[in-house]
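Treat the numbers as computed from the prediction; the structure is a model and nothing was measured.
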Amino acid sequence: MTADITPVVVRLKLSLLRNGLRQSGGRRAAWIASAIAVLLFSVLQLLGLVALRGDEHAGSVVVPLVAVLAAGWAVMPLFFPGGDETLDPTRLVMLPLRPRPLVRALLVASLVGIGPVFTLCLLVGSVVSVAHGVPGYVFSVVGVVLALLVCVALARAIAVANIRLLTSRKGRDLAVLSGLVIAIGAQVVNFGAQRLGSGGLGQLDGPTEVLKWVPPASAIGAVDSASEGSYAVAVLQLAVSVAALVGLLALWSRHLTRLMTSPDGSTLPSAEGAARERNSTGLGRLLPAGRTGTVMERSLRYVWRDPKTKAAWVTSLAIGLIVPVFNAVQGTGSIYFACFAAGMLGVQMYNQFGQDTSAFWMVAMTISSTRDAYVELRARALALLVITLPYAALVTVLTTALIGDWAKLPEVLGVSFALLGAMLATGAWTSARFPYSIPQEGYKNVAPGQSGLAASAVVGGMVSAALLCAPVIALTIWAGLSANGDDWNWILLPVGTAYGIAITLGGLHLAAPRTARRLPEILQAVSKG
């Protein structure tokens, strides 16, 4: 095909957008509302960046901003591959299209949408804030176009390189983790904003000097350099962005060629891989024999393989570390914030049977007595402890090191272990008393109609766990108020550990008979999703 296909692909992009909005009034209203919100935010950002014009640290703001913007373009297609149908070039593999014209057409089509408009507003505001004189304005025009093309090409190259993953079931499950990335990013941005608020924009001068040579931020750095009269440096910085654009287009074209000419074997395991999977018993060798080891291995495989379970664990691990560490770094935290890690991971014991969904019937068939139920619950708790115990200890030690209060390390560990034991006990009981289903598709963690049940289970269990920890907390407070309280610090570690073990065993013994009696009700509840 020798004709230029760019207008055809652009019209295809517009048709996909138009037809998608015709599907329902709700979808059309949501798109219009989001477009208006993004445009308003873009205008506000543009005005804010223009207001920086003349500030001595304007370049130290806009250059890192463009670098962060490019990182967003690189990451977002991995989490939201369904947001743009043209991101999937496999739909075009049966057409007689050559990679280079297709790359050019898709690059132009990628400039149609809300994202490019938002990016363009930020780039325009960035160059306006640092451009001065005729050379600065000339470099501004080139810099804006170049930075925008690099952002789009970066997103496309990464999307095409991972398109087999993104269009598979595992790739769609990857989007479950997008909320975690946004949450962590928000914490990082909040932390950075607080540091800038206390130390001023001058703290960005050092990183900016490095980012001025990282594309596409180098294109904006070239505008700043040209405005200051450093024309040779400006040309070199533009050349860096040009080289990045050429490299990304070449990478995009190579992956596109491979994608359109090679068979899709991403979902077909090789014979060697299948044999290795069948013969792999490394995890089983480390676990106890019998039902306990089997249940532990099944639970740990859920954590590694099931998208919803993995997302819940990764979120708990990240937040359990972020809260104490960020507060300690900012100087506003307490060493007792380290108990947050044990609390976040202890929540994973709640609704143990819900993560099995309808497959719980196979587990239910193996439970014929209270003893079987007890061993099942105990093994699930042990699987959780394999991850939770070392993680809670690590977070506690790290928080203690940042704060520097090593004398309180034993008592904080004791409180963490006692809290973890209380949450395992209440989690086992609520799993039998308030089971609910976890939908396998979509982003919901509770099946429709069971939200109240889930809230009752989690909130009630956490309050009960806090009450169960009251003796250890009271002992810790007494030791802190006592004149010779430092002598009791080391006693609190074994006391808290022993208390956590005792309360866990007690909770398992109370939950086991209820689990054995309520197997039909549990199976019905967890199978609703």
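Looking only at side-chain heavy atoms (C-beta outward), W73 and V150 stay at 4.5 Å or farther from each other. Inter-residue side-chain proximity for L238 and S218 is flagged as unmet; no heavy-atom pair is nearer than 4.5 Å. Counting heavy atoms from C-beta on, the side chains of P216 and L146 never come closer than 4.5 Å. Side-chain atoms of W252 and L106, non-hydrogen and from C-beta on, do get closer than 4.5 Å to each other. Using a 4.5 Å heavy-atom threshold, the side chains of Q237 and S225 count as touching. Contact annotation: the side chain of R53 approaches that of H132 to within less than 4.5 Å [non-hydrogen atoms, C-beta and beyond]. Counting heavy atoms from C-beta on, the side chains of L149 and L248 never come closer than 4.5 Å. Proximity of V415 to C469: side-chain heavy atoms (C-beta onward) are nowhere separated by under 4.5 Å.
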Given side chain to side chain contact (heavy atoms under 4.5 Å, CB included), test L321 with L394 step by step and report yes or no. CA-CA 9 Å; L321 177 66; L394 176 63; over 6 Å; no

Please test T400 against V412 for side chain to side chain contact (heavy atoms under 4.5 Å, CB included), starting from the C-alpha separation and ending with a verdict. CA-CA 9 Å; T400 304; V412 176; 5.7 Å; no

For the pair V61 and L52, evaluate side chain to side chain contact (heavy atoms under 4.5 Å, CB included) and give the outcome as yes or no after the intermediate values. CA-CA 9 Å; V61 174; L52 284 174; 3.8 Å; yes

Check the pair L49 / L122 against side chain to side chain contact (heavy atoms under 4.5 Å, CB included), numbers first and verdict last. CA-CA 8 Å; L49 291 172; L122 289 185; 4.2 Å; yes

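Among all heavy-atom pairs drawn from T396 and S416, the shortest one is OG1-OG, 4.0 Å.
Distance alone, capped at 3.5 Å, places no donor-acceptor pair between the R156 side chain and the L107 backbone. In terms of modelled atom types and a separation under 3.5 Å, the side chain of S230 and the main chain of A226 share no donor-acceptor contact. One N or O on the side chain of K13 and one on the backbone of V112 form a donor-acceptor pair closer than 3.5 Å.
Atom OH of Y302 sits about 15.0 Å away from atom CH2 of W313, to the nearest 0.5 Å. The OG1 atom of T119 lies 4.5 Å from the CG atom of L69; values are rounded to the nearest 0.5 Å. Taking CG of D224 as the reference point, atom OG of S126 lies at 11.0 Å (rounded to 0.5 Å). Within the model, atoms CG of L249 and CG of L154 stand 11.0 Å from one another, a figure rounded to the nearest 0.5 Å. One finds the CE atom of M344 at 11.5 Å from the OG1 atom of T388 (value rounded to the nearest 0.5 Å). Put simply, OG1 on T399 and CZ on F337 are 10.0 Å apart, with the number rounded to the nearest 0.5 Å.
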